[in-house]
Every structure is written in C-alpha cells, then in structure tokens.
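See below for the structure under consideration.
In the text below, chain A, chain B and the rest are named by the order of the sequence lines, each starting its count at 1.
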There are 2 protein chains.
Amino acid sequence: MIETDETDRAILRALVDNADASAGEIGRALGLSQPAAWRRIRRLREAGVIRGTRLDLDAEKLGFGVTVFLGVKLGTKGQASLGDFERAVSAIPEVQTVEHILGMYDYRLRVVARDLPDFERVLRRRIMTLPGVASLDANVLLSEERRPGPIG
Amino acid sequence: MIETDETDRAILRALVDNADASAGEIGRALGLSQPAAWRRIRRLREAGVIRGTRLDLDAEKLGFGVTVFLGVKLGTKGQASLGDFERAVSAIPEVQTVEHILGMYDYRLRVVARDLPDFERVLRRRIMTLPGVASLDANVLLSEERRPGPIG
DNA sequence: CTTGAAAGAAGACCGCG
DNA sequence: CGCGGTCTTCTTTCAAG
C-alpha cells in the first residue's frame, strides 16, 4: 500500500475518467501547474499505483462475437499441477484472462471466439486438452458493464 | 464486424503491446509515415474497433487488497428484475464489473474491498440487500494474468 | 513556477492506383 | 475517391533553471 493524498486521488479519478488527458488538462482541472501535475503522475507510475494504460478493443467489431467464462476445477492439485496448467493455458491465444481463484473453482478463464462453432473448436482442441482439468463449467457473456471502482 | 486489413491488425497489435505508443512510433515500426499511421488509428477509433484507452491501476497499492468474484442467481426473472438489479448494483462503488451471463448464474460481479472485514461489510450491507437475489457464490481472487487476446 | 528544446498531434495539400 | 507521403503548425512533454 502506497501513500496517496487527496490530490493524488483526484488525479487518479480524472485519469480513470479519461486516460488520454494530458498533464496540462489534469492540472487545469485541479488548480495545479502542468509540471506539478506531470510530476505527480510520474510519481504514481513509478510507485506502481498506475500500472500502465491499456487499449480497450471491441472484440465484436473484430469478429469475435462470443465470450465465454469457464470455471475450471483441477483434479490433481500439487503445485506442479498449477504451474503446468498455467503454462499450458498461456499458450492459447483465445484465452484473454486467467484468474487463479479460491472457492468453487480453481481457475476462471475468459475465452473469446468468432462464433459458437469456433468456440466448440477451442473448447475441444485447446481447453479439454489442458493438463489436470477435472471439471468445467461455462457461462456465456451476454453483456458487461465496467465501472471505475473505488480509488480511495 | 468492421473491415480491417493486415496493416490495421498490425497497428492494433502494436497498440495492445504499448497503448502509449505515438503515431510516429507505430508508423516507424510498420514502415508508414506518422500521418498515415495517425489516420488509420483515428479511423479505427471512429469505427469503434478501438473503444478507448483505460488506466490500469494496482488496486492493492491503493489499499484494496481483496478482490472477490460473486456469482449471482436471481429469484424472480422478469425483465423488470434484471433492470432493477442492474440499477441497484450500479450504485455500489466497490463493484468493478457487472457481467450478465447465461449459464449457472445470472450475473457475475467483480467486487473489491480493503480487507476481509471490509468485504463482509460490503457483502452484508450492499450485496445482500440487492433486489431479487436468490443465491450467491463467492470466489476470492488469488492472482490474475491478462493476455492480449486474438486480433484477427 | 517559468522557460525552452524536442517530440507528437493533426491539419492542408499533392500524387498515385 | 481510397490511401499514402511531405510539409507545416500547434500542443505537449519533460528536463533544467
């Protein structure tokens, strides 16, 4: 956990709202000079609070109309199994997210495909050949809303 | 689905790899001039293929050490129930993602909290008071890997 | 905080198929 | 007319006073 004052948090809120905003814009909105805002942003990056900035693509417009969440339960659960599974799953391009979780499942995968036949191909040829998978549960994404989440 | 040629896809790959890259850098990497690359990027934005660029914050460094995924099953499933649920859940700042899904659950929520006591507070005072919730299932996030996903 | 040099953004304009 | 290339201007970045 890193120290952030109210100004830092205001900067983060402004950047979450618009990640493309320049240091000058941020400063103007908060009553700071451009270099002052810029230095604070750099400090937040260096501290790792801001991990980076990533592109938000519309998978559907790229021809990937199907997103499925897979709950995965492993059979054998040594630490070697986890590593094997993670390494194998990392080689599947259709897998967008690998979440190691605690609860009903061991992993949750976000998988995209062009359509349902394409998803079946991924499932049969890629997912079902993963090492150590004992059971699978699938949920098809209908719609999704992402929200900023709490800052401070 | 939008038309993208191989050059567009190369641009998207480069931007996914580094969302902060300038049009000049992208162009240099692909053998295009700065304005040519810039025009293509703008076109991809206008077409909605690039939805935008969002800040990637480290929740842990901001003091939110706990991330939990909640699978939610609704009791009453008229279309009014879905709207009521979505509206109510949108008012909870700790909820980062609302996914409407098809399968074992109706919704999946990504919830962050400072620690487990804080999560209990959110669960009891916010989540359990949501309208129409019939059953809940929780998974605690241990670690997560995000990958670029397929482009074309 | 202010300044200043280097880089990037973004428009006007031309040439090609 | 799409698309790319050059030239040009304005803004932003980022380091140094």
Side-chain angles (χ1 to χ4, degrees), chain A residues 1-65 114 146 148-149 151-152, chain B residues 1-62 146-152:
Chain A
M1 162 124 187
I2 264 90
E3 278 305 308
T4 57
D5 61 15
E6 191 42 58
T7 305
D8 283 335
R9 273 175 250 130
I11 288 176
L12 291 175
R13 272 186 286 270
L15 281 175
V16 164
D17 191 59
N18 176 16
D20 294 323
S22 70
E25 276 178 84
I26 301 291
R28 237 166 287 136
L30 305 180
L32 287 176
S33 70
Q34 179 268 322
W38 186 83
R39 274 192 296 268
R40 275 183 181 264
I41 294 167
R42 185 184 54 178
R43 193 180 135 276
L44 288 166
R45 282 185 182 277
E46 281 166 358
V49 175
I50 300 176
R51 227 189 313 239
T53 146
R54 50 169 26 89
L55 213 62
D56 184 19
L57 293 181
D58 188 330
E60 213 162 308
K61 295 228 165 100
L62 282 166
F64 293 88
R114 301 190 173 279
R146 261 173 235 183
I151 298 288
Chain B
M1 165 122 185
I2 265 93
E3 279 303 309
T4 56
D5 61 15
E6 191 42 58
T7 305
D8 284 333
R9 273 175 250 131
I11 287 175
L12 291 175
R13 272 187 286 272
L15 281 174
V16 164
D17 191 58
N18 175 16
D20 294 322
S22 70
E25 274 178 85
I26 301 293
R28 238 167 286 136
L30 305 180
L32 286 175
S33 67
Q34 177 264 320
W38 185 84
R39 279 192 294 260
R40 274 181 181 266
I41 293 167
R42 184 185 54 180
R43 200 169 56 68
L44 289 165
R45 282 187 183 275
E46 281 167 357
V49 175
I50 298 176
R51 232 192 310 245
T53 146
R54 47 167 31 85
L55 214 61
D56 184 19
L57 293 181
D58 189 329
E60 213 162 309
K61 295 226 165 102
L62 282 166
R146 260 173 236 184
R147 327 210 317 95
I151 298 287

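Inter-residue side-chain proximity for A/Thr4 and A/Arg40 is flagged as unmet; no heavy-atom pair is nearer than 4.5 Å. Counting heavy atoms from C-beta outward, B/Ile151 and A/Leu57 have side chains that approach closer than 4.5 Å. Looking only at side-chain heavy atoms (C-beta outward), A/Leu62 and B/Leu12 come within less than 4.5 Å of each other.
The salt bridge (Lys or Arg N to Asp or Glu O under 4.0 Å) check on B/Arg13 picks up B/Glu6, with sequence neighbours excluded. Scored by the side-chain hydrogen bond (donor to acceptor under 3.5 Å, both in side chains) test, A/Glu46 finds no partners at all (sequence neighbours excluded). B/Arg51 is linked by a salt bridge (Lys or Arg N to Asp or Glu O under 4.0 Å) to A/Asp56, A/Asp58, counting only residues two or more places apart in sequence or in another chain.
Between B/Glu46 atom CD and C/dA10 atom C1' there is a gap of 12 Å when expressed in whole angstrom units. Per the geometry, CD1 belonging to B/Ile41 stands 12 Å off P belonging to C/dG8, to the nearest Å.
In terms of phosphate contacts, A/Ser33 brings a side-chain nitrogen or oxygen within less than 4.0 Å of OP1 or OP2 of C/dC1. Listed pair B/Arg40 / D/dG4 meets the phosphate criterion, a side-chain N or O lying under 4.0 Å from OP1 or OP2.
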Contact letters for nucleotides 12-17 of chain D, in which S counts primed atoms plus P, OP1 and OP2 and B counts the base, heavy atoms under 4.0 Å: SBBS--
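Among all heavy-atom pairs drawn from B/Ala47 and B/Ile2, the shortest one is O-CD1, 3.8 Å.
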Could you write out DNA chain D as dot-bracket? Rules: Watson-Crick or G-U wobble, both distances under 3.5 Å, brackets [ ] for crossings, | for pairs with another strand, dot for unpaired. |.|||||||||||||||
Contacts table for residues 25-36 of chain B: side-chain donor-acceptor under 3.5 angstrom, sequence neighbours left out:
| from | atom 1 | to | atom 2 | distance (Å) |
| --- | --- | --- | --- | --- |
| B/Glu25 | OE2 | B/Ser22 | N | 3.3 |
| B/Ser33 | OG | B/Ala36 | N | 3.3 |

